[in-house]
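These notes are about the structure you will find just below.
So that the names make sense, note that chain A is the first sequence line, chain B the second, and so on, each numbered from 1. Worth knowing before you read on, the calculation uses all heavy atoms, side chains too, and leaves out hydrogens, waters and symmetry mates.
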2 protein chains.
Amino acid sequence: MARQSKSKGRTLTSKGRQRRSQILSYATVRFASDGYHPTSVADIVGGLGVGKGVFYWYFESKEQLFLEILRDAQKDLRRYQRDSIADLTDPIERIEAGIRAGVIWMADNPELRRLFEFARSEDTFARSMKVGEATLISDAAEHLRIAIDAGRIPCRDPEALAHGIFGVTNQLTMAYIDHGDGDPAEVADLVVSICRNGFAGLSDQLTGDSNSADVIVNPAWSRTV
Amino acid sequence: MARQSKSKGRTLTSKGRQRRSQILSYATVRFASDGYHPTSVADIVGGLGVGKGVFYWYFESKEQLFLEILRDAQKDLRRYQRDSIADLTDPIERIEAGIRAGVIWMADNPELRRLFEFARSEDTFARSMKVGEATLISDAAEHLRIAIDAGRIPCRDPEALAHGIFGVTNQLTMAYIDHGDGDPAEVADLVVSICRNGFAGLSDQLTGDSNSADVIVNPAWSRTV
DNA sequence: GGTGGACTTGACCAGTTGGTCAAGTCCCGT
DNA sequence: ACGGGACTTGACCAACTGGTCAAGTCCACC
């Protein structure tokens with residue numbers, strides 16, 4: 001009589017929904033602090049003080065649990081970024097706001113950042129990660145393309161630029177927030193500044209309102225091309 | 001009579017040294033393709049067709065083996081980068097050559113890049129990784145500092161710039177070489193170009209020899225700061 | 001107050017894990 | 001040809017793995 005053979009599609013009461021998300025969030029913390037493989041299902045249910053059957057009542061497997069954590073996290077990041085740029089129309093403002101949102105989200109969710117990093121490194125989960133990453137990248141690339149078409153930034157491969165932004169965001173967040181104690185808003189400024197100008201471009205500390213055009217960097221490096 | 005209790009410091013014959021590096025390189029491949037945890041010591045010795053004792057004759061533990069792989073790889077990358085910039089004196093040329101060397105090395109050693117990525121994600125190995133990364137970062141930062149002092153690039157925090165370069169290199173290598181089939185030399189150019197100019201800076205496709213100063217990008221974004 | 005489905009328990013399973021070790025084999029220097 | 005140290009074997013170990021399941025308990029609804 002149409003019974004699901006697996007935990008998928010179980011009818012949950014409010015107590016059940018509560019338990020499910022309790023497992024989800026506790027597992028997230030453990031996976032992030034000890035690693036996915038070293039954290040056993042026994043560790044999870046043990047830490048929660050419940051029997052092992054509880055785990056398998058709510059989740060098909062440890063792997064499915066992890067994939068769900070990843071999916072939820074990617075969705076949350078994307079929604080946060082979308083909301084943060086929602087009322088901006090200028091493409092460059094949108095790009096910058098997106099970068100800032102990315103940094104802030106990662107600062108707010110360091111466990112999830114770590115999980116992303118692990119997931120990228122193992123084949124089993126890399127596929128799932130690539131989907132979400134590709135979406136992030138192509139969203140950013142689209143804004144970059146618009147800005148290029150409008151002549152607001154120089155012509156370059158928007159996808160490559162988007163990857164660059166992604167890489168800078170990741171690395172600086174990791175260095176200054178995860179492994180340091182930087183203020184997220186300041187780190188976001190730093191990321192925006194680096195993404196915008198690179199190391200040889202104009203520094204925005206130098207761009208005043210009138211004299212920005214005067215600040216000319218010795219362009220000797222152009223000989224090295 | 002002063003016998004080492006562990007495999008450290010064992011006196012190896014040439015056959016022994018050969019076996020040792022055979023294990024080292026086979027383990028590297030397996031760790032990279034299946035992940036560190038999913039690859040058991042039994043998998044390694046099984047794949048090599050030798051008894052388990054062989055493994056523990058040459059290595060203290062699976063963990064020590066992995067740490068040695070990481071240490072060697074970091075050393076190799078660093079040496080490659082050092083050699084690549086050895087006969088350059090201009091700080092900006094050195095930075096660019098270092099970036100290119102980083103991309104090329106990663107393209108040549110995709111397994112090691114994956115291992116680095118996993119190692120960063122797990123506490124046990126993160127400490128070891130941070131040491132090597134910090135060296136890379138501070139080397140690059142030093143060149144950036146010199147370039148800044150010489151007025152060759154605008155004043156910015158050199159360490160932050162170094163992190164930015166590191167992030168862009170990682171991400172683009174991963175996207176276009178590991179997960180794509182880009183030509184390493186072209187990807188290196190792309191990374192250099194993005195690191196140098198960011199998304200709003202001058203595109204080097206546009207920088208001719210004489211008219212580079214004429215190419216002025218609409219600086220409307222400066223209003224958004 | 002009884003019925004049925006949501007929920008929980010923990011013993012149990014077969015397979016695997018990293019690691020040990022007594023018992024060898026191989027081979028070089030004498 | 002023999003002593004000894006480098007090297008190899010694979011059975012063995014205790015601990016643990018992800019996952020199952022019969023036997024419950026709990027509680028909302030009739």
Problem set entry | Earlier contact from the 5' end, DNA chain C, for B:Lys15 and B:Lys62 | B:Lys62

Distance in angstrom units between [X] [atom1] and [N] [atom2], rounded:
X: B:Arg30; N: C:dG18; atom1: CZ; atom2: P; answer: 12 Å
X: B:Leu48; N: D:dC7; atom1: CG; atom2: C1'; answer: 14 Å
X: A:Gln64; N: D:dG19; atom1: CD; atom2: C1'; answer: 14 Å
X: B:Glu60; N: C:dT20; atom1: CD; atom2: C1'; answer: 14 Å
X: B:Ile23; N: D:dA6; atom1: CD1; atom2: C1'; answer: 14 Å
X: B:Tyr56; N: D:dC13; atom1: OH; atom2: P; answer: 17 Å

Exercise. Taking 4.0 angstrom as the limit, do B:Arg145 and B:Glu142 come out as a salt bridge?
Worked result: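 Salt bridge flag = yes for B:Glu142 with B:Arg145.
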
Exercise. Can you name the residues that form a side-chain contact (heavy atoms from CB on, under 4.5 Å) with A:Pro38, not counting sequence neighbours?
Worked result: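 side-chain contact (heavy atoms from CB on, under 4.5 Å) check on A:Pro38 returns B:His37, B:Glu122.
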
Exercise. What residues, two or more places apart in sequence or in another chain, satisfy side-chain contact (heavy atoms from CB on, under 4.5 Å) together with B:Thr13?
Worked result: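 Counting only residues at least two positions away or on another chain, B:Thr13 forms a side-chain contact (heavy atoms from CB on, under 4.5 Å) with B:Lys15.
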
Exercise. Which residues in residues 32-46 of chain A have at least one heavy atom lying under 4.0 Å from any atom of DNA chain D?
Worked result: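 When residues 32-46 of chain A is checked for heavy atoms under 4.0 Å from DNA chain D, the hits, listed by number, are A:Thr39, A:Ser40, A:Val41.
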
For this session: With sequence neighbours excluded, give me every salt bridge (charged side-chain N to carboxylate O under 4.0 Å, His left out) pair touching residues 170-183 of chain B.
Result: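 Listed once each, the pairs are B:Arg113-B:Asp178.
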
Counting just side-chain N and O atoms, does [X] come under 4.0 Å of either OP1 or OP2 of [N]?
X: B:Trp57; N: D:dC7; value: yes
X: A:Thr13; N: D:dA28; value: no
X: B:Thr11; N: D:dA6; value: yes
X: A:Tyr58; N: C:dT8; value: yes

For a quick test of your reading: what N or O donor-acceptor pairs under 3.5 Å do the side chains of residues 102-110 of chain A make, sequence neighbours left out?
from     : atom 1 : to       : atom 2 : distance (Å)
A:Trp105 : NE1    : A:Asp76  : OD2    : 2.8
A:Asn109 : ND2    : A:Trp105 : O      : 2.8

Measure all distances between protein nitrogen or oxygen atoms and nitrogen or oxygen atoms of nucleotides 9-11 of chain D, and list the pairs falling under 3.5 Å.
from   : atom 1 : to      : atom 2 : distance (Å)
D:dT9  : OP2    : B:Gly51 : N      : 2.6
D:dG10 : N7     : B:Lys52 : N      : 3.4
D:dG10 : O6     : B:Gly53 : N      : 3.1

Exercise. Could you give all pairs that pass the side chain to side chain donor-acceptor pair (under 3.5 Å) test and reach residues 62-72 of chain B, with sequence neighbours left out?
Worked result: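 For residues 62-72 of chain B, and leaving out neighbouring residues, the side chain to side chain donor-acceptor pair (under 3.5 Å) pairs sorted by first residue read B:Arg20-B:Glu68.
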
Problem set entry | Where at least one partner belongs to residues 9-31 of chain B, residue pairs that pass ring pair (Phe, Tyr, Trp, His ring centres under 6.0 Å), sequence neighbours excluded | B:Phe31-B:Tyr36, B:Phe31-B:Phe66

Report all side-chain donor-acceptor pairs from residues 127-135 of chain B shorter than 3.5 Å, counting only partners two or more places apart or in another chain.
from     : atom 1 : to       : atom 2 : distance (Å)
B:Glu133 : OE1    : B:Arg120 : NH1    : 3.2
B:Glu133 : OE2    : B:Arg120 : NH1    : 3.2
B:Thr135 : OG1    : B:Val131 : O      : 2.9

Problem set entry | Distance-minimising heavy-atom pair for A:Ser33 and B:Asp123 |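 Between these two residues, the closest heavy atoms are O-OD2, 4.0 Å.
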
